[in-house]
Amino acid sequence: MISPFAPASVLSKVILNNVQLEAVTHPEGPQLVFAGAGTGKTRVLTAKIAYLVENKNILPGHIFAATFTNKAAREMQRRVEDLTAISCTGLWIGTFHSLCARILRREAGAIGYTPSFSIFDADDQLSLVKKTAKDLKLDERTMPPRLLLHSISKYKNACISPRELEGKQANFFEQELIKVYSAYQKSLQRQQAMDFDDLITNCVYLLRDNDETLQRYQRLFKFVLVDEYQDTNRSQFYLVKLLAQAHRNIFVVGDDDQSIYGWRGAEVENILSFEKVFQGAKIFKLEQNYRSTQAILNFANAAIEPNNCRAAKRLWSSRETGDRVVVMRYRDDRHEADAIGDSISRAIGGGVKGGDIAILFRTNAQSRLFEECLRKRRIPYVLVGGTGFYERKEIKDCCAYLRLLVNPKDDVSCGRILNVPSRGIGDKAREILVEQAGRTDRSILETLLDERTEYTGIRGVKGIEDLRSVFSLLMELNARHEPPQEILKEMLTLTGYLDMLEDEGSEESASRIENISELTSALASWAQENPEKGLASFLEEISLVSDIDKWNKSEDTVNCMTLHCAKGLEFKTVYIVGCEDGILPSRQNFDDEAKIEEERRLLYVGSTRAMESLVIAWADQRWRFGSIMPGAPSRFLRPIPVELYHFSDLSAEVDIREKPTRPAAREPAAAIRRSSAADFDDFSQETVHYRVGQHVVHHLYGQGEIVNLSGFGVDMHMTVKFSDGSRRRMMAQFAKFEQG
DNA sequence: TTGTTTATTCTTTTT
DNA sequence: GAATAAACAA
């Protein structure tokens with residue numbers, strides 16, 4: 001098949017099985033690759049791009065490839081360059097969001113935007129929804145802003161504009177929702193801002209409503225490729241369809257069993273109905289798994305089996321059978337973390353690399369105990385996700401200032417920093433500014449910068465003047481194209497932001513200062529690497545990076561992350577923890593069968609990350625919301641045939657741990673384990689007899705009632721309300737009560 | 001107007 | 001337990 005005139009072709013550099021090869025070399029038209037977990041999906045996609053570039057002479061700049069993360073995009077591009085030895089800088093590869101942002105910056109004018117529009121993140125969105133709902137005098141209780149935002153997002157993901165909803169039959173909530181949606185969109189437009197969803201939908205509207213533009217992009221993108229197609233939402237589907245409908249060269253890869261983003265609008269139907277939508281599509285099915293042992297695959301296959309809504313397929317592995325999956329039962333979440341800490345420590349002592357190990361959990365909140373346990377044992381680890389760098393207050397404040405320089409119409413950013421650091425601009429002053437701005441049809445910052453604006457009856461005039469002079473100067477610096485990090489530094493001193501933090505003198509403020517200096521250097525090095533790009537593109541970049549983008553696999557660090565985050569990754573050893581009803585599946589999805597199925601896919605995704613060893617853990621009880629909740633093993637474990645795993649109960653677990661076959665270098669860990677066991681004893685014997693509501697008599701303060709208890713053992717604190725009305729927080733182990 | 005304390009809800013998961 | 005909102009004091 002391979003032309004003899006293309007000697008060192010891409011195909012000779014990548015090992016592909018028959019189906020993979022067929023998919024890569026299939027010439028034109030719509031193509032769908034069903035790629036089960038670990039079947040070499042990325043390899044196929046990469047080879048396909050390389051094949052197009054090298055064998056089909058398509059310029060990299062004429063390929064549109066949507067990946068799930070920017071990190072995947074970067075790696076794929078590098079790999080393609082390796083394979084073809086052709087520079088792929090022009091390649092359109094990235095997440096849907098960044099690709100759309102790229103298009104929209106070029107075409108902004110056509111949809112009434114300037115190229116320097118702001119991108120609103122979840123925080124910004126929420127604060128705008130809150131403001132909008134408040135303006136419409138909606139009650140926060142009956143109309144929770146989060147629900148409003150979620151519903152708006154749902155409309156947008158399905159590409160339904162407020163216009164299309166007007167006059168629709170709707171209940172009270174929907175009526176109000178539509179009003180909010182409409183006002184929210186207007187407000188975004190007025191501020192020259194787009195939220196994440198807008199990046200896609202506006203792109204769709206742009207192409208749908210501008211024939212010339214559409215044709216231009218259809219001609220530009222000779223091939224459209226989409227990774228993780230099962231996680232695309234309807235607006236992304238429209239986008240892809242618009243781009244590909246002329247030449248029909250669309251190549252998508254995905255696995256319906258790994259669809260775990262339904263909650264943010266992804267529609268599995270996109271992949272299941274691909275054949276119908278793109279008539280004559282060629283379908284490929286990758287079922288040979290190269291990643292996991294047969295034992296792990298059997299377990300994963302059995303786990304996903306009960307799902308009704310899926311395309312038929314069955315993964316098989318040519319690898320050895322391997323060890324049986326282990327299901328561990330623990331006393332509580334502490335025990336779980338502790339024992340897994342031990343197990344990891346033992347494994348590392350036995351020569352396993354920390355980087356080959358992953359701890360996967362359903363919710364970010366579960367990470368804390370594992371972090372503690374790993375830290376205690378001095379095992380290096382990395383937590384992927386959680387509160388990211390760019391979500392910290394101080395960083396967001398700095399970015400808000402920078403954003404305002406790029407886009408002075410950004411009222412959300414302006415509202416954020418108006419009184420940060422505090423300069424006496426309170427609710428009153430804010431109100432007057434907003435009102436003035438509305439009357440003159442300008443943004444808050446524009447109003448503020450106008451010296452003619454009158455402020456009657458405001459105490460914070462001084463603060464407003466301060467802010468005005470700061471901004472005039474910063475804007476001047478920006479206009480002169482001073483280095484962005486210098487502008488940031490100016491801001492920090494002029495506004496007194498740094499002084500504010502320094503005066504505070506706390507540990508927290510010190511770390512804030514550190515973060516800010518990290519931001520400054522990040523900005524400086526970015527400016528050096530991208531001299532031709534503006535501040536706007538720095539801000540875009542940081543708002544579109546995901547947690548996983550920043551993660552780098554390192555040899556010795558144990559990886560902790562959510563199950564969602566783990567998609568697409570693989571590790572030799574995987575622990576899936578907190579495998580309990582209420583957590584996996586989440587309690588909130590109990591009443592919805594479709595959501596339960598998605599949760600089950602989550603277990604499937606997690607399980608198929610493991611190459612050699614898979615441990616599933618659950619605990620009898622667990623701290624949640626500050627109190628102990630009983631736990632039961634996940635319902636997902638029930639239908640799995642018992643012969644597919646090894647069940648280890650508490651007593652059996654103790655046996656394993658007491659086996660005298662430990663390597664020598666384990667003293668520190670053993671010592672720690674002893675002390676944590678002591679904590680347990682302490683908890684059960686010393687302090688368990690306190691309970692909320694209990695009446696006590698203190699030797700100094702007299703009669704009182706325990707109103708709150710927190711912590712374990714020596715860490716246990718209690719809040720006691722005394723008869724004189726005072727409340728005192730004290731450590732349980734030191735509290736002196738009289739008998740009675 | 002600011003900072004404190006208290007009450008309430010809250011968490012899934014993320015571009 | 002933690003973050004946020006409301007309530008309250010200064």
Side-chain angles (χ1 to χ4, degrees), chain A residues 66-73 94-101 119-123 125-127 130 140-141 144-146 150 153 156-157 194-200 228 231-233 235-236 259-266 360-369 384-388 390-391 393 419 421-430 458-460 463 540 542-549 561-567 578 582-590 595 598-599 601-602 605-606 623-628 707-712 715 717 719 721 726-727 729:
Chain A
T67 57
F68 200 66
T69 63
N70 291 300
K71 184 184 158 65
T95 60
F96 271 106
H97 292 88
S98 33
L99 290 169
C100 286
I119 296 174
F120 278 5
D121 67 13
D123 264 13
Q125 289 181 53
L126 192 62
S127 76
K130 276 183 186 164
E140 277 211 3
R141 297 172 91 87
R146 298 194 98 83
H150 181 81
S153 183
K156 290 200 195 181
N157 286 326
M194 299 189 195
D195 64 18
F196 285 139
D197 305 324
D198 284 335
L199 292 175
I200 319 287
E228 306 283 10
D231 285 324
T232 51
N233 61 33
S235 61
Q236 289 164 341
S259 154
I260 53 175
Y261 282 95
W263 51 275
R264 69 173 202 205
L360 309 181
F361 30 77
R362 177 70 238 269
T363 67
N364 280 307
Q366 287 165 261
S367 72
R368 238 188 52 201
L369 281 177
V384 185
T387 313
Y390 289 102
E391 282 146 54
K393 241 185 249 119
N419 200 30
S422 72
R423 46 175 77 90
I425 304 180
D427 291 347
K428 264 270 159 53
R430 193 176 288 247
I458 301 183
R459 249 189 291 177
E540 174 183 314
I542 62 174
S543 53
L544 297 181
V545 293
S546 64
D547 296 314
I548 196 79
D549 290 337
M561 65 189 88
T562 61
L563 287 160
H564 283 90
C565 229
K567 196 171 72 159
I583 294 181
L584 183 67
S586 164
R587 170 156 285 106
Q588 277 150 85
N589 292 335
F590 274 3
K595 288 180 176 171
E598 180 159 316
E599 297 268 332
R601 291 195 286 271
L602 221 34
V605 168
W623 283 86
R624 289 196 92 191
F625 306 125
S627 57
I628 292 177
V707 294
N708 193 25
L709 284 172
S710 62
F712 263 120
D715 283 334
H717 286 255
T719 310
K721 191 178 171 184
S726 67
R727 282 163 165 270
R729 197 170 140 85

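No hydrogens, no waters, no symmetry mates; every other heavy atom, side chains included, goes into these values. The chains referred to below are lettered A, B, ... by the order of the sequence lines, with proteins before strands, and numbering in each begins at 1.
In the set C/dA2, B/dT14, B/dT15, the nucleotide with an atom closest to the side chain of A/F196 is B/dT15. Of the listed nucleotides (C/dA5, B/dT13, B/dT15), B/dT15 has the atom at the smallest distance from the side chain of A/T95. Distances were taken from every side-chain heavy atom of A/R368 (C-beta onward) to each of C/dA2, B/dT11, B/dT14; the shortest belongs to C/dA2. Of the candidates B/dT13, B/dT2, B/dT11, B/dT2 carries the atom nearest the A/N419 side chain, counting heavy atoms from C-beta on.
Backbone-only engagement by A/R146 is indicated by non-hydrogen atom pairs under 4.0 Å involving sugar-phosphate atoms exclusively. Contact annotation for A/K130: backbone-only contact, meaning every heavy-atom pair under 4.0 Å involves sugar-phosphate atoms and none involves a base.
In this structure, A/N364 reaches the B/dT13 phosphate: one of its side-chain N or O atoms is under 4.0 Å from OP1 or OP2. Checking the phosphate oxygens (OP1, OP2) of B/dT13, no side-chain nitrogen or oxygen of A/K595 falls inside 4.0 Å. Between A/T562 and B/dT14 there is a side-chain N or O to OP1 or OP2 distance below 4.0 Å.
In this structure, A/D123 places its CG atom 12 Å from C1' of C/dA3, rounding to the nearest Å. The distance between atom NZ of A/K71 and atom P of B/dT15, rounded to the nearest whole Å, is 13 Å. Taking atom CD1 of A/I425 as the reference point, atom C1' of B/dT1 lies 12 Å away to the nearest angstrom. Counting to the nearest Å, the C1' atom of B/dT14 and the CG atom of A/N157 are 12 Å from each other. Rounded to an integer number of Å, the gap from A/L126 CG to C/dA5 P is 9 Å. Taking atom CD1 on A/I542 and atom P on B/dT14, their separation rounds to 19 Å, with Å as the unit. Atom C1' of nucleotide B/dT14 and atom NE2 of A/H150 are separated by 13 Å, given to the nearest angstrom. Atom CZ of A/R624 is separated from atom C1' of B/dT9 by 14 Å (rounded to the nearest Å).
Mapping A/S422 and A/E598 onto DNA chain B by nearest heavy atom places A/S422 closer to the 5' end of the strand.
A salt bridge does not link A/R264 to A/D231: none of the charged side-chain nitrogens sits closer than 4.0 Å to a carboxylate oxygen. Classification of A/K595 and A/E598 as a salt-bridged pair fails, no side-chain N sitting under 4.0 Å from a carboxylate O.
A/Y261 and A/F68 have tilted rings, their planes meeting at an angle from 30° to 60° on a 0 to 90° scale.
With centroids closer than 5.5 Å and planes inclined by less than 30 degrees as the test, A/F96 and the base of B/dT15 fail to qualify as a stacked pair.
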Inset, instruction - Go through A/T562 and A/N364 one step at a time and tell me if the side-chain hydrogen bond (donor to acceptor under 3.5 Å, both in side chains) criterion holds. - result: CA-CA 6 Å; A/T562 61; A/N364 280 307; 5.1 Å; no

Inset, instruction - Show the numbers, then the answer: is there a side-chain hydrogen bond (donor to acceptor under 3.5 Å, both in side chains) between A/N157 and A/S235? - result: CA-CA 5 Å; A/N157 286 326; A/S235 61; 4.8 Å; no

